[in-house]
Amino acid sequence: MSRYDAAAIEPKWQQAWETAGTFTATRDESRPKYYVLEMFPYPSGNLHIGHVRNYTMGDVIARYKLSTGHAVLHPMGWDAFGLPAENAAMEKKVHPGAWTYANIASMKQQFSHLGLSLDWSREFATCDPEYYGQQQAMFIDFMERGLVYRKNAVVNWDPVDMTVLANEQVEDGKGWRSGATVERRELTQWFFKISDYSEDLLAALDGLDNWPDKVKLMQRNWIGKSRGLQFAFSLIDGPQGHDRVEVYTTRPDTMLGASFVGISPDHPLAKALEKDSPDLAAFNAECRKMGTAEEEMEKAEKKGFDTGLRVRHPFDTAWELPVYVANFILMDYGTGAIFGCPAHDQRDLDFARKYDLPVISTYAPATDDGMSLPEDGGDAYVPPKTDPVIYVRGFAGDTEQTGTAAIDAAIEFCESKGVGRGVTKYRLRDWGLSRQRYWGCPIPVIHCETCGVVAERKENLPVKLPEDVTFDRPGNPLNWHPTWRDVDCPRCGATAQRETDTMDTFVDSSWYFARFTAPHAATPTVAADAAYWMNVDQYIGGVEHAILHLLYSRFFARAMHACGHLPAAAVEPFDALFTQGMVTHEIYQTEIDWPSSQITVDGVTTHISSGTSRHYHLPEEIEHRDGETFLKSDGRKVTVIPSAKMSKSKKNVVDPADIIRQYGADTARWFVLSDSPPERDVEWTASGAEAASKHLARVWRIVTEAPDAPEAGTGDQDLLREIHKAIHDVTMGIESFGFNTSVARLYAFTATLAKSQAGRAAKLQAARTLAHLMSPMTPHLAEELWAHLGGTGLIANAPWPVADPAMLVDDEVTLPIQINGKRRAEIVVPRDLPKDAVERLVMQTDAVKRALTGGAVPKKIIVVPGRIVNVVV
RNA sequence: GCCCGAGUGGCGGAAUGGUAGACGCAGGGGAUUCAAAAUCCCCCGCCGCAAGGCGUGCCGGUUCGAGUCCGGCCUCGGGUACCA
């Protein structure tokens, strides 16, 4: 046989699988089903190495499950709505739809070379009207069930481009195109009532045994259940209609350490005061000159404005506290107002020092460890709530208590005195789904002057996006389309207008997994198909989706169940979750400074301050010289940012096409699996691809060019044992997502086979086993080997080998001997040798005798059977 | 800022609380060859001639025994609700 020629062999087997329909999923009640799903890609146009890693992992599982007798569903589709298509439309003058579908075609082409076991008959894109029309139908169902509502919410507003910006489009508080300082602006927006499910989404995490703990923990913290006290401070001489300030606190035990009340700039009281105070109006306006991102707000300098108003402390009417408007208080959480306790909150302490407010401890450390108290210039004292502390200003005199106990007692005490009530709150906010953009699923409602907001009739779905739009000005083209908005009211028939907001693309990806079970149906799902295929048995994707996408999907499954689109058993849609690490790559960045300038739009002049814009460069645009990095075009110095998530906007995406072209898909697959543990981030380097290719060629050579062996050889039994051990180890590796260790094990097994002097029969069995164990990872090579070795049918369908437990244990084991925890010798003993016999052998070793000079006796001998012996002297 | 992770040779990494560095890359040496490619074999944590000592980001703790468990840091990565 000649050397292995991937370029010729791989298409042959891809064709064979397609002809045989090997990966077409069919409902088969006689077999257990297995639904394996990788998070579907955004069709950027280029398959990158992270995709190859993600989809190869899923493919290993899918192929393995197929050969263990499951009816496997392994579908693929496209998360096709989103910002990049509109950016491309503006930059390249192409329609977002045309751009997206062209990208899908090109990525599908790239996918086809990888030899993935996908059922392409179920493919769809979320921008297909057949898909988003069903999504609109569900939106209407959700409306009817009260899961959708409208309210005002803030967005990032670019005052020059007169458009809403995504957080990603705000850089250092400025619009990415215009450079104008971004403001917060309120719009009426659509929301899903995910908060109705806060408790359920939290409690059900406990049942997700096959989810990573870190993801469950992140979701728990995100939902953020807290028990606290809601109560009011009475306001002295407040403006008309304001006689109290309602606050929420999770630390009512620190109420007697309060030193100020803070309210959000968006609080109704702040807005009321604004009318008579130009200074406060200016302060509030300044606070609103910031994007909506939580990170930006939390990192901003903490500022306050003394309103001059005072409130009375509920437990001491003579005690007055000042009311500040503070930029770090969110209107979205709690009541939009807090009391500050500087002694036990670092942020409040910083604020108190800045505005010269009192610092009053309510509790102190139970033991004097000499720390500097907050009153004396130290940090805020914030021990874990479970630590006992001494309450010096508690509700029950000087007592030692844990924070948790004191909080419960404080709530009870306050309730008994009629000061507030204990309430449970969640940090989780309702899901704002409105987007003021074209390339998304239209929200299927109509605004009528007489009827108000009315859902579109289901028979009129899908509400399709109009094709004839232009992107020559920023903003949502749906707003200035000549006719699309004009429609008759579905209720009264009067002239009315369509909603022009489209849905957040997270909506699209929150139910696609369910749609794959009946992708072409005229309803969102089909009961029989959903019942058979749901849930997803194994979901695989990037850890960057740990909170939003996964939480939204969990909510959606519940909402779909409430509307009869999913069975009760599917409210947790993903039985098992594996979060793979990201493939990272350096970013090459240059910076350009711009001077300050002014722009006048519609008579309004906006001042643009000077600043810096960042530009990103492709690896081929840069060169390394003298240990530094420069731009090839003009020689400017390039800043190298190491190890960042691959993203198209940062231009650090690695294209796997070269590796596939040069070595074939099997090499690319083998390499990404062997490279690193799947859950870990990897900094991409291509230095191992050559080695992977060599190994596959070696396997081919060893199997096909084996010299004629006698029927029975030496070491047949040893080789048989090795076969079973390899089956066991590789199978365990696959089942536990330890693909890199499975690969390492296969390297070792290949070496064993190459060196074996066993006879023909044993070697044939070993070779077939090797092909089989490699088949989920390098399926083309495995098929070719299988055919060469006279296997029946496709290896893809052949039953997975099973390890015989009796063949896995050796008769003898090597026991390391430690003296005081340091390895000093080892002995080989029968596996079942009793402890006392082991001890006698250990005592006779030279190392132990040397350690016990002068007839000393060991203090202790620890024998861990089959593992280790430790002699303590 | 807050929440969640990660850190082991020159590099990717392995290791149910039980011989740290499996397997692979890079490197060194050798065989084969007229020569090369390809292939095969050997060496390869650090210090030390050796005996031996030191070693899993840093500091401390628990344990007969810690990469692994606990406490405190450092650095890097992800998320932070309109990137997907």
Side-chain angles (χ1 to χ4, degrees), chain A residues 3 39 41-42 44 79 81-84 155-156 164-170 194 212-215 217-222 224 291-300 302 328 332 346-347 427-437 504-506 508-509 542-549 551-552 579 581-582 584 642-645 647-649 671 674-677 679-683 685 687-688 690-692 694-695 697-698 701 738 740-741 743-748 751 754 814-818 820-826 858-862 864 866-872:
Chain A
R3 65 178 267 274
M39 290 178 187
Y42 177 79
S44 62
D79 187 15
F81 276 135
L83 267 186
V155 293
N156 300 309
V164 177
L165 298 179
N167 285 337
E168 196 192 44
Q169 299 171 313
V170 180
I194 189 172
D213 287 337
K214 63 175 174 184
V215 173
L217 188 53
M218 279 189 264
Q219 293 215 351
R220 251 176 225 123
N221 292 337
W222 185 261
T292 59
E294 183 192 318
E295 182 190 4
E296 189 187 349
M297 298 206 274
E298 287 285 339
K299 282 186 174 170
K302 308 293 179 281
F328 56 85
D332 283 333
Q346 190 59 43
R347 189 179 60 185
R427 204 186 73 102
L428 180 65
R429 306 202 293 259
D430 277 333
W431 174 7
L433 67 119
S434 285
R435 296 293 180 272
Q436 294 71 40
R437 280 187 249 290
D504 178 6
T505 56
F506 273 121
D508 314 335
S509 56
V543 68
E544 68 271 26
H545 294 293
I547 294 173
L548 294 181
H549 163 61
L551 193 61
Y552 290 154
T579 53
M582 282 168 300
T584 60
S643 202
K645 178 172 104 169
S647 88
K648 208 173 181 209
S649 60
F671 178 47
S674 65
D675 195 40
S676 60
E679 68 279 6
R680 193 116 113 207
D681 291 350
V682 285
E683 172 75 23
T685 54
S687 60
E690 174 83 23
K694 278 184 186 172
H695 178 72
R698 181 163 176 255
R701 213 167 42 242
N740 55 328
T741 55
V743 166
R745 192 64 186 78
L746 285 164
Y747 270 107
T814 302
L815 282 186
I817 297 169
Q818 293 183 331
N820 291 336
K822 299 237 179 233
R823 192 180 72 91
R824 290 291 182 239
E826 59 184 36
K859 286 187 188 134
K860 205 188 231 182
I861 302 180
I862 290 137
V864 184
R867 300 235 51 129
I868 204 165
V869 180
N870 192 10
V871 182
V872 186

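Protein chains get the first letters and strands the later ones, always in sequence-line order, with residue 1 at the start of each. Being a predicted model, the structure only gives us computed values, none of them experimental.
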Using atom types as modelled and distance alone, determine if a side-chain donor or acceptor of [X] lies under 3.5 Å from a backbone N or O of [Y].
{"X": "D430(A)", "Y": "I194(A)", "value": "yes"}
{"X": "E296(A)", "Y": "A293(A)", "value": "no"}
{"X": "N156(A)", "Y": "V164(A)", "value": "no"}
{"X": "E826(A)", "Y": "I817(A)", "value": "no"}

Interatomic distance where [atom1] belongs to [X] and [atom2] belongs to [N] [whole Å]:
{"X": "L815(A)", "N": "U19(B)", "atom1": "CG", "atom2": "P", "value": "11 Å"}
{"X": "L165(A)", "N": "C82(B)", "atom1": "CG", "atom2": "P", "value": "14 Å"}
{"X": "R823(A)", "N": "G52(B)", "atom1": "CZ", "atom2": "P", "value": "12 Å"}
{"X": "E168(A)", "N": "A84(B)", "atom1": "CD", "atom2": "P", "value": "8 Å"}
{"X": "N156(A)", "N": "A81(B)", "atom1": "CG", "atom2": "C1'", "value": "12 Å"}
{"X": "W222(A)", "N": "G5(B)", "atom1": "CH2", "atom2": "P", "value": "16 Å"}
{"X": "K859(A)", "N": "C64(B)", "atom1": "NZ", "atom2": "C1'", "value": "11 Å"}
{"X": "R680(A)", "N": "A15(B)", "atom1": "CZ", "atom2": "C1'", "value": "13 Å"}

If you compare every side-chain N and O of [X] against the phosphate oxygens of [N] (OP1, OP2), does one of them come in below 4.0 Å?
{"X": "K860(A)", "N": "C64(B)", "answer": "yes"}
{"X": "S676(A)", "N": "G12(B)", "answer": "no"}
{"X": "R429(A)", "N": "A81(B)", "answer": "no"}
{"X": "N167(A)", "N": "A81(B)", "answer": "yes"}

Across the strands shown, which category fits [X] at heavy-atom distances under 4.0 angstrom: base, sugar-phosphate, nothing?
{"X": "F506(A)", "value": "base"}
{"X": "T741(A)", "value": "sugar-phosphate"}
{"X": "L428(A)", "value": "base"}
{"X": "V155(A)", "value": "base"}
{"X": "H545(A)", "value": "base"}
{"X": "L217(A)", "value": "sugar-phosphate"}
{"X": "V864(A)", "value": "base"}
{"X": "G542(A)", "value": "nothing"}
{"X": "S434(A)", "value": "base"}
{"X": "A751(A)", "value": "nothing"}
{"X": "R347(A)", "value": "nothing"}
{"X": "P677(A)", "value": "sugar-phosphate"}

Review point. Distance between the C1' atoms of C25(B) and C43(B), in whole angstroms?
Key: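 Looking at atom C1' only, C25(B) and C43(B) are 16 Å apart.
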Review point. Where do N820(A) and V872(A) come nearest, in terms of heavy atoms and distance?
Key: OD1-CA, 3.4 Å
Counting side-chain heavy atoms from CB outward, which of [options] is closest to [X]?
{"X": "Y747(A)", "options": "A84(B), G24(B), A14(B)", "answer": "G24(B)"}
{"X": "A744(A)", "options": "C23(B), G18(B), G24(B)", "answer": "C23(B)"}
{"X": "R867(A)", "options": "U16(B), U19(B), U80(B)", "answer": "U16(B)"}
{"X": "R698(A)", "options": "C40(B), C83(B), G5(B)", "answer": "C40(B)"}
{"X": "R824(A)", "options": "G53(B), U19(B), C3(B)", "answer": "G53(B)"}
{"X": "D79(A)", "options": "U19(B), A84(B), G1(B)", "answer": "A84(B)"}
{"X": "R437(A)", "options": "C83(B), C82(B), U19(B)", "answer": "C82(B)"}
{"X": "I547(A)", "options": "U16(B), A22(B), G79(B)", "answer": "G79(B)"}
{"X": "K299(A)", "options": "G1(B), A84(B), G18(B)", "answer": "G1(B)"}

Does [N] have a Watson-Crick or wobble partner in any strand here, with both distances under 3.5 angstrom, and which is it?
{"N": "U75(B)", "answer": "A6(B)"}
{"N": "A66(B)", "answer": "none"}
{"N": "G27(B)", "answer": "C43(B)"}

Exercise for review: May I ask you to check whether T292(A) and N167(A) show a side-chain donor-acceptor distance below 3.5 Å?
Suggested key: yes
State whether the distance check finds a donor on one side and an acceptor on the other, under 3.5 Å, for side chain [X] versus base [N].
{"X": "Q436(A)", "N": "C82(B)", "value": "yes"}
{"X": "N870(A)", "N": "C64(B)", "value": "yes"}
{"X": "E295(A)", "N": "G79(B)", "value": "no"}

Check your understanding: Atom NE2 in H549(A), atom CZ in F506(A): separation rounded to 0.5 Å?
Key ->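 The distance works out to 8.0 Å.
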Exercise for review: Using the six-membered ring wherever Trp is involved, compare the ring planes of H695(A) and Y747(A) and label them parallel, tilted or perpendicular (cut-offs 30° and 60°).
Suggested key: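 Ring orientation, 0 to 90° scale: tilted.
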Exercise for review: Check salt bridge (Lys or Arg N to Asp or Glu O under 4.0 Å) between E295(A) and all other residues, then give those that pass, not counting sequence neighbours.
Suggested key: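 Checked E295(A) against salt bridge (Lys or Arg N to Asp or Glu O under 4.0 Å); matches are K299(A).
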Review point. 5'-most contact on RNA chain B: N740(A) or K302(A), nearest heavy atom basis?
Key: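 In this pair, the answer is K302(A).
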Review point. Starting at the 5' end of RNA chain B and moving along, which residue's nearest nucleotide shows up first, K694(A) or V164(A)?
Key: K694(A)
Practice item. Enter syn or anti for the glycosidic conformation of G9(B), syn applying to angles within 90° of 0. Key: syn
